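Here the structure is a predicted model, which means the values were calculated and not measured.
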Amino acid sequence: MSETAEGVRAARADRTAFRDLRLEIEEFHFDYADALERGEVEQWCEFFTDDAFYCIVARDNHDSGLPLGLVYCEGKGMLKDRAFALRNTEMYAPRYLNLQIANVRVHEVSGATIRAEANYLLVETLVEEPSRIQQVGKYYDLFERVEGRLLIRERRCVYDSVVINNCLVFPV
Amino acid sequence: MSETAEGVRAARADRTAFRDLRLEIEEFHFDYADALERGEVEQWCEFFTDDAFYCIVARDNHDSGLPLGLVYCEGKGMLKDRAFALRNTEMYAPRYLNLQIANVRVHEVSGATIRAEANYLLVETLVEEPSRIQQVGKYYDLFERVEGRLLIRERRCVYDSVVINNCLVFPV
Amino acid sequence: MSETAEGVRAARADRTAFRDLRLEIEEFHFDYADALERGEVEQWCEFFTDDAFYCIVARDNHDSGLPLGLVYCEGKGMLKDRAFALRNTEMYAPRYLNLQIANVRVHEVSGATIRAEANYLLVETLVEEPSRIQQVGKYYDLFERVEGRLLIRERRCVYDSVVINNCLVFPV
């Protein structure tokens with residue numbers, strides 16, 4: 001058996017130990033998705049630490065190590081700016097969003113920091129149009145436990161979808 | 001931090017306590033989805049209490065407080081009528097259904113009653129056509145524990161999808 | 001209440017006992033999906049036992065008891081052949097894959113063997129095209145515990161999707 005497979009096995013043993021953490025992160029994601037689905041962007045900011053990093057990057061850029069993305073926020077201030085802008089401008093047609101977060105995997109725990117991944121599937125519905133996949137991708141996350149609860153310190157949203165039907169101003 | 005965020009935090013602490021319940025409800029959902037995917041509508045009725053309420057409502061109607069929906073059942077009798085009708089008429093072209101239920105959130109336990117939510121994604125496949133999203137939405141549920149097992153006492157299926165490709169006779 | 005419903009209830013009681021196993025299988029699936037999403041087909045082989053059976057069959061064939069499928073592998077050797085062929089030929093346009101595995105249900109444990117099911121949803125994204133559902137279906141699985149970890153001894157991928165947009169050479 002290859003070393004890679006060996007590594008995978010060891011990693012899997014770790015992940016079993018990480019089960020409670022996985023379940024807790026799932027619950028975090030479900031609250032997070034709900035806030036976005038309801039358009040509560042101010043509440044969305046409260047899922048992040050003050051020094052949080054957040055970006056949305058295409059998979060080909062991410063794989064090539066290019067940081068260029070659709071959205072790029074350093075610090076909660078920039079997240080709040082974005083939330084404010086979203087709340088006070090209407091740059092996009094009204095739509096409903098449904099955000100499924102699945103395949104949560106915990107990779108590493110180091111002190112108060114947790115490295116994890118998840119798949120996301122964002123389905124949008126515009127008036128008079130069938131529901132469609134707006135974006136599909138992966139979250140690469142660093143969580144931090146602050147006063148007992150989890151917060152995102154770093155979230156890289158890496159999307160497969162090359163053609164996105166409209167300017168992607170809304171966060172995932 | 002705002003009172004809302006404070007409230008969210010308190011709610012989250014509750015939800016951690018509700019973990020076992022969340023996992024049990026997931027298992028309930030997966031059985032429920034399987035019955036519908038196999039077209040076993042009579043079996044579907046057995047997931048409800050005798051006095052169950054069940055409806056399928058568009059998100060804009062739900063948000064406006066309008067009860068008007070595609071489907072509206074009060075009591076298991078009406079559910080069984082629906083199941084019987086589905087079994088004995090063929091108002092729609094044959095299709096395969098695949099029902100993914102995700103993002104399960106437990107909000108409140110009060111005696112034998114549990115208030116919970118979930119996301120659902122119904123993918124349908126007609127002969128000679130690509131698989132497509134037929135409906136995406138949320139379940140707003142009240143479960144009741146009867147003789148040890150969970151049953152649905154109230155299920156509001158609130159769908160984002162405004163345009164549904166055919167008369168929506170089949171339950172979700 | 002019908003005997004079927006009685007049977008369902010008994011089965012559900014079993015499944016509650018199977019909770020840890022369900023969570024472990026979910027973690028298995030999430031690693032499995034990740035390997036395929038990254039195109040690591042050699043690593044994909046390592047999720048199977050040496051004598052594993054693997055096939056991809058249309059739902060109508062499966063329901064009619066017809067074994068005829070798109071893919072049919074007996075033994076790890078055939079899986080490795082397939083992995084090698086995928087690695088060394090380019091029969092399909094480049095695309096990104098996103099594989100959501102949900103609705104995991106454990107049905108039976110018999111010695112080291114576990115019978116389980118799951119839903120899968122494969123979303124593909126080709127260059128310059130919107131993300132679309134490539135395939136949706138169910139896994140019918142037999143897992144075996146070998147030296148503490150789970151491996152697939154038998155996986156039947158039964159897909160609803162009748163029209164698949166390209167020759168389905170890639171495994172799910």
Side-chain angles (χ1 to χ4, degrees), chain B residues 19-48 50 76 80 83 93-104 118-134 136 146-151, chain C residues 1-23 25-26 58-63 99-107 116-124 129-140 158-166:
Chain B
R19 182 156 305 155
D20 282 344
L21 215 41
R22 195 253 292 187
L23 295 172
E24 185 179 358
I25 289 173
E26 285 179 351
E27 283 144 20
F28 177 95
H29 283 313
F30 300 161
D31 290 342
Y32 177 98
D34 186 69
L36 286 180
E37 288 168 337
R38 286 186 291 103
E40 296 290 348
V41 280
E42 292 87 354
Q43 193 180 317
W44 168 71
C45 296
E46 301 303 328
F47 287 89
F48 293 85
D50 288 340
K76 204 174 188 167
K80 283 185 173 171
R95 70 201 59 207
Y96 290 131
L97 298 175
N98 197 289
L99 178 58
Q100 315 252 10
I101 304 178
N103 293 27
V104 173
N119 283 16
Y120 68 87
L121 175 71
L122 180 63
V123 177
E124 73 173 1
T125 308
L126 280 88
V127 179
E128 308 289 304
E129 288 188 29
S131 297
R132 65 181 171 207
I133 296 171
Q134 201 255 17
V136 66
V146 181
E147 293 167 29
R149 71 184 179 123
L150 295 178
L151 292 173
Chain C
M1 182 167 284
S2 71
E3 275 183 35
T4 315
E6 191 61 53
V8 167
R9 232 179 24 218
R12 192 177 301 130
D14 277 349
R15 274 198 283 282
T16 304
F18 294 164
R19 180 155 306 154
D20 281 344
L21 215 40
R22 195 253 291 185
L23 296 173
I25 289 172
E26 285 179 351
R59 185 161 161 186
D60 49 358
N61 278 0
H62 180 261
D63 290 352
L99 179 58
Q100 316 252 11
I101 303 178
N103 293 28
V104 174
R105 302 163 75 220
V106 177
H107 291 304
E117 268 180 50
N119 283 15
Y120 67 87
L121 175 71
L122 179 64
V123 177
E124 71 173 2
E129 290 188 29
S131 297
R132 65 183 172 205
I133 297 172
Q134 201 256 17
Q135 199 181 141
V136 65
K138 274 188 189 276
Y139 293 131
Y140 296 95
V158 178
Y159 61 96
D160 288 356
S161 314
V162 183
V163 182
I164 289 177
N165 282 300
N166 55 298

Which atoms form the tightest heavy-atom contact between [X] and [Y], and what is the distance?
X: B:F30; Y: C:V104; answer: CD1-O, 3.4 Å
X: B:L97; Y: C:R59; answer: O-NH1, 3.5 Å
X: B:S131; Y: C:V136; answer: OG-CG1, 3.6 Å
X: C:R22; Y: B:E27; answer: NH2-OE2, 2.9 Å
X: B:L99; Y: C:N103; answer: O-ND2, 2.9 Å

Problem set entry | C:R132 (side chain) donor-acceptor with B:R132 (main chain) under 3.5 angstrom | no
Problem set entry | Inter-residue atom distance B:R38.CZ - C:K138.NZ, 0.5 Å rounding | 8.0 Å
Exercise. Which distance, rounded to the nearest 0.5 Å, do you find between the OH of C:Y159 and the OG1 of B:T125?
Worked result: 11.0 Å
Problem set entry | When B:V123, B:I101, B:D34 are compared by non-hydrogen pairs under 4.5 Å with chain C, the top option | B:D34
Is chain C contacted by the side chain of [X], its backbone, both, or neither, given a heavy-atom distance below 4.5 Å?
X: B:A102; value: neither
X: B:L121; value: side chain
X: B:E42; value: neither

For this session: Inspect the contact between B:R95 and C:D160 and indicate whether a charged nitrogen and a carboxylate oxygen are less than 4.0 angstrom apart.
Result: no
Exercise. Under the side-chain contact (heavy atoms from CB on, under 4.5 Å) criterion, do C:D63 and B:Y96 qualify, and how do the steps go?
Worked result: CA-CA 12 Å; C:D63 290 352; B:Y96 290 131; 4.3 Å; yes
Exercise. In terms of heavy-atom proximity below 4.5 Å to chain B, should C:D60 be classed as side chain, backbone, both, or neither?
Worked result: both
